[in-house]
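Chain letters run A, B, ... following the sequence lines, proteins first and then strands; every chain starts at 1.
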2 protein chains.
Amino acid sequence: MESLNSCIREKANPKQINECRIKITASEASFTQLSAILSLAGNELRLKILYLLEQEKELCPCDLSDILGMSIPAISQHLRKLKDGHIISFRKEGQTIFYTLKQEHLELLRPFFKLIDQVNLVAERA
Amino acid sequence: MESLNSCIREKANPKQINECRIKITASEASFTQLSAILSLAGNELRLKILYLLEQEKELCPCDLSDILGMSIPAISQHLRKLKDGHIISFRKEGQTIFYTLKQEHLELLRPFFKLIDQVNLVAERA
DNA sequence: TTTGTATTTAAGTATTTGCTTAAATACGTA
DNA sequence: TACGTATTTAAGCAAATACTTAAATACAAA
């Protein structure tokens, strides 16, 4: 259903619309990848996990569960998503598994952590 | 259920855990607000909408529907979420409604747009 | 007023998400 | 080996998401 709902406004600019279509198509893969990462960071609990991993270098599920007041399985399942998204990696030490942020997407994530530290996001209401 | 699942690892560091708890608690509101924005941008279609609004300054639902190949109601509902999240605003011109990015969160969003333009997100697979 | 265009809203639905509890796995020690 | 700790995985479920179609609203022009 490509353009079943064509914009038929008098003032619609077909050239503009076409150029936009081309741009979007060209970056399709980027949109998919970036939105996947943002949606991982877009969960409050996962954002906290990422923040903590940045601050503490590495943490185990048990620590995170303790800090965040969430059950171990809940934490573990979030960690799996982050791992599947290539945002974190881990090392084993005995029976403990330490998770760390991967360097890869740190450039993207760091501004978020900075914002959190500033604790000054504008709180606006309707 | 605050700390029902206390971390009882031998090597767990109670001081570290407590300091982390305090940090998280102090920034609770920031985590809530930031994760809300990221989860809005974490939807592929909405990310495209935001990107297009940045590029074109303003667009109407009809244009967006046309460019992105999605139904008008689908677009409209995404626009409402973005509006509710204070990420976009709008102006009316006759029966057409033009949406624009708000300045407010542009600083946060612009790096994403830059990444898209670079079209060089590392595509890594399992 | 009637008609048509642009948009939103509502209702219905399939899918995804994020938890819970219980069971499985991995590892270390008695 | 048996037991205990750390973690993951599985199954179940309620809530949220993102679409669909159909109806409602808003505005403008005939």
Sugar-phosphate, base or nothing in reach of B/Lys81, heavy atoms under 4.0 Å: sugar-phosphate
Integer-rounded Å distance: D/dT9 C1' and A/Ile75 CD1: 16 Å
Separation of atom NZ in B/Lys83 from atom P in C/dT7, rounded to whole Å: 12 Å
Separation between CZ of A/Phe31 and CG of B/Leu115, rounded to the nearest 0.5 Å: 11.0 Å
Distance below 4.0 Å between A/Arg80 side-chain N/O and D/dT7 OP1 or OP2: no
Distance, rounded to the nearest Å, where A/Asp84 contributes CG and C/dT16 contributes P: 15 Å
Contact under 4.0 Å: B/Ser76 side-chain N or O vs C/dT7 OP1/OP2: no
Closest nucleotide among D/dT21, D/dA6, D/dT9 to the B/Pro73 side chain: D/dT21
B/Leu79 CG to C/dA6 P, straight-line distance once rounded to whole Å: 16 Å
Side-chain N or O of A/Lys92 closer than 4.0 Å to phosphate OP1/OP2 of C/dC27: yes
Earlier contact from the 5' end, DNA chain C, for A/Gln95 and A/Arg46: A/Arg46
Whichever of B/Ile97 and A/Ala74 has its nearest DNA chain C nucleotide further upstream toward 5': B/Ile97
Distance-only donor-acceptor test (3.5 Å): side chain B/Gln77, base D/dT20: yes
Side chain of A/Thr96 - closest among C/dG18, D/dA26, D/dT7: D/dT7
Whole angstrom value for the distance that separates C1' of C/dG18 from CG of A/Leu45: 9 Å
Protein-nucleotide distance (A/Leu40, atom CG; C/dG18, atom C1'), rounded to Å: 13 Å
Whether B/Ser65 side chain and B/Pro61 backbone form a donor-acceptor pair below 3.5 Å: no
Options D/dT8, C/dT7, D/dT20, nucleotide nearest the side-chain atoms of B/Ile72: C/dT7
SB check B/Lys23 B/Glu28 (cutoff 4.0 Å): no
Under-4.0 Å side-chain N/O to phosphate OP1/OP2 contact, A/Asn43 with C/dT17: no
Protein-nucleotide distance (B/Asp63, atom CG; C/dT7, atom C1'), rounded to Å: 13 Å
Length of the CG-C1' vector between B/Asp66 and C/dA6, whole Å: 13 Å
Proximal nucleotide (of D/dT8, D/dA18, D/dC19) relative to the B/Met70 side chain: D/dC19
In residues 73-81 of chain B, what donor-acceptor pairs under 3.5 Å come from side-chain atoms, sequence neighbours left out?
residue	atom	partner	partner atom	Å
B/His78	ND1	B/Arg46	NH1	3.1

A/Phe90 six-ring centre to A/Lys83 NZ/CZ under 6.0 Å and within 45° of normal: yes
